[in-house]
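This report concerns only the one structure given below.
All values below come from the heavy atoms of this structure, side chains included, with hydrogens, waters and symmetry mates left out. These numbers come from a predicted model, not from an experiment. Chain naming here is simple, since letters A, B, ... match the order of the sequence lines and numbering starts at 1 in each.
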Amino acid sequence: MGKKLNQAFYEQPTLMLAKQLLGTLLVHESDEGTTIGRIVETEAYLGIEDQAAHSFGGRRTKRTEIMFGAPGVVYTYVMHTHCLFNIVSNRENVPEAVLIRAIEPVQGEDLMVKRRGAERQGRVLTNGPGKLTKAMGITMAHYGQTLNEGSLYVIEGDLPSDISVGKRIGIDNSGDARDYPYRFWETGNSYVSK
DNA sequence: GGCCGGATACCG
DNA sequence: GGTATCCGGCCA
């Protein structure tokens, strides 16, 4: 098993972190069992100057407060019926984060299927930000938790052989930021969203 | 393709 | 209290 990513790993420029998270393994040890997913798609949200980020313009609220804090902390939030999982990046007072958009099941796939429902198997099991949180059992209870100190953490994995870059998804109402190439995925991986 | 569910939380 | 949202499932 690879070793846990440390604080220094998370404390780097967000675009770099978004790329370097590809291929790493997201682990959640829960009461129901352990699930592990290989991260295959991410998006960077660059704080102050990124209109698509919750912290755009330095907006500091109860929800976004966590983005201003230490890197390597979990930022979850609920959208409609789904919980989305982000990792705070860069250094303190730089409100940036990486959204995890897709994983490939590595361990505990049976448990993922149980959480998602028997009819959601194969690539649709985890090929989207709301899907993977449900499969992994990630909830708002993880908000503010430091990765590596709890039951949810990331360890080293096999790096992707090739990385693709493109526009982010679901941010059409964000002006010029809509077209920024801040989405990264492992080329050819079938668990990538869309 | 379109619609709408249902949870925050922000803003007036 | 109205409205927008870093989505997903279901209908077509």
Side-chain angles (χ1 to χ4, degrees), chain A residues 10 13-19 21-22 26 37 39-69 71-90 94-105 112-145 147 152 154 164-186 190-194:
Chain A
Y10 297 111
T14 305
L15 288 170
M16 279 179 63
L17 180 63
K19 274 179 272 196
L21 278 170
L22 294 175
L26 179 62
I39 296 173
V40 297
E41 182 181 359
T42 61
E43 280 180 1
Y45 285 86
L46 298 196
I48 311 285
E49 69 271 16
D50 179 2
Q51 200 175 151
H54 290 154
S55 53
F56 173 61
R59 215 163 53 125
R60 191 163 190 151
T61 65
K62 189 180 169 194
R63 181 172 72 166
T64 65
E65 183 65 31
I66 204 85
M67 295 179 75
F68 290 82
V73 168
V74 176
Y75 173 33
T76 45
Y77 77 94
V78 175
M79 176 185 189
H80 293 269
T81 55
H82 311 284
C83 181
L84 273 61
F85 172 61
N86 300 256
I87 298 174
V88 176
S89 57
N90 215 309
V94 181
E96 305 184 345
V98 175
L99 169 68
I100 309 303
R101 284 197 57 89
I103 61 168
E104 175 180 352
M112 293 186 193
V113 171
K114 185 180 154 204
R115 285 169 174 152
R116 289 268 296 143
E119 54 298 344
R120 310 258 177 283
Q121 301 197 37
R123 64 212 229 93
V124 300
L125 184 64
T126 53
N127 69 337
K131 300 178 188 180
L132 75 90
T133 55
K134 184 154 190 204
M136 291 290 293
I138 297 171
T139 67
M140 285 306 291
H142 297 282
Y143 177 91
Q145 190 172 308
L147 289 171
L152 184 63
V154 184
S164 295
V165 181
K167 294 192 243 186
R168 291 173 293 182
I169 294 176
I171 56 163
D172 290 344
N173 206 352
S174 301
D176 292 342
R178 179 187 47 190
D179 300 321
Y180 294 172
Y182 291 171
R183 181 164 76 99
F184 308 95
W185 65 94
E186 180 178 48
S190 64
Y191 286 91
V192 170
S193 66
K194 285 213 314 191

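For B:dC4 and C:dT3, the C1' atoms lie 15 Å apart once the distance is rounded to whole Å.
Contact check for A:Ile171 versus A:Tyr180: no side-chain heavy atoms found under the 4.5 Å cut-off. For the pair A:Glu186/A:Tyr191, no side-chain contact is recorded, criterion being any heavy-atom separation below 4.5 Å from C-beta on. Residues A:Leu15 and A:Phe184 are in side-chain contact: their nearest non-hydrogen atoms beyond the backbone lie under 4.5 Å apart. At least one side-chain heavy atom of A:Ile48 sits less than 4.5 Å from a side-chain heavy atom of A:Pro95. Counting only heavy atoms from C-beta outward, the side chains of A:Tyr182 and A:Asp50 approach each other to under 4.5 Å.
When the side-chain hydrogen bond (donor to acceptor under 3.5 Å, both in side chains) test is applied to A:Thr14, the partners found at least two apart in sequence or on another chain are A:Ser89, A:Glu96.
Less than 4.0 Å separates DNA chain C from at least one heavy atom of each of the following residues of residues 41-69 of chain A: A:Tyr45, A:Ala52, A:His54.
To the nearest 0.5 angstrom, A:Asn86 atom CG is 8.0 Å from A:His54 atom NE2.
Of all the heavy atoms in A:Arg60 and A:Phe68, the pair that sits closest is NH1-CD2, 3.5 Å. A:Thr126 approaches A:Pro105 most closely through the heavy-atom pair OG1-CD, 3.6 Å. Between A:Ser193 and A:Arg183, the closest heavy-atom pair is OG-NH1, 4.2 Å. The two atoms that bring A:Ala177 and A:Ala52 nearest to each other are CB-N, 4.0 Å, heavy atoms only.
Counting 5' to 3', DNA chain B first comes under 4.0 angstrom of a heavy atom of chain A and last does so at the ends given by B:dG5 to B:dC11.
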Dot-bracket encoding per residue of DNA chain B, Watson-Crick/G-U cut-off under 3.5 Å, | denoting interstrand: |||||.|||||.
Contact pattern, 5' to 3', of nucleotides 7-12 of chain C - B, S or - by protein heavy atom under 4.0 Å: BSSS--
Residues 129-145 of chain A, side-chain donor-acceptor partners within the protein, below 3.5 Å, at least two apart:
{"residue": "A:Lys131", "atom": "NZ", "partner": "A:Asn127", "partner atom": "OD1", "Å": "2.9"}
{"residue": "A:Thr133", "atom": "OG1", "partner": "A:Cys83", "partner atom": "O", "Å": "2.7"}
{"residue": "A:Thr133", "atom": "OG1", "partner": "A:Gly130", "partner atom": "O", "Å": "2.9"}
{"residue": "A:Thr139", "atom": "OG1", "partner": "A:Ala141", "partner atom": "N", "Å": "3.1"}
{"residue": "A:Tyr143", "atom": "OH", "partner": "A:Lys62", "partner atom": "O", "Å": "3.4"}
{"residue": "A:Tyr143", "atom": "OH", "partner": "A:Arg63", "partner atom": "O", "Å": "3.0"}

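Side-chain N/O atoms of A:Asn173 include one lying less than 4.0 angstrom from OP1 or OP2 on C:dT5.
Salt bridge A:Lys167/A:Asp179: present, at least one basic N to carboxylate O contact under 4.0 Å.
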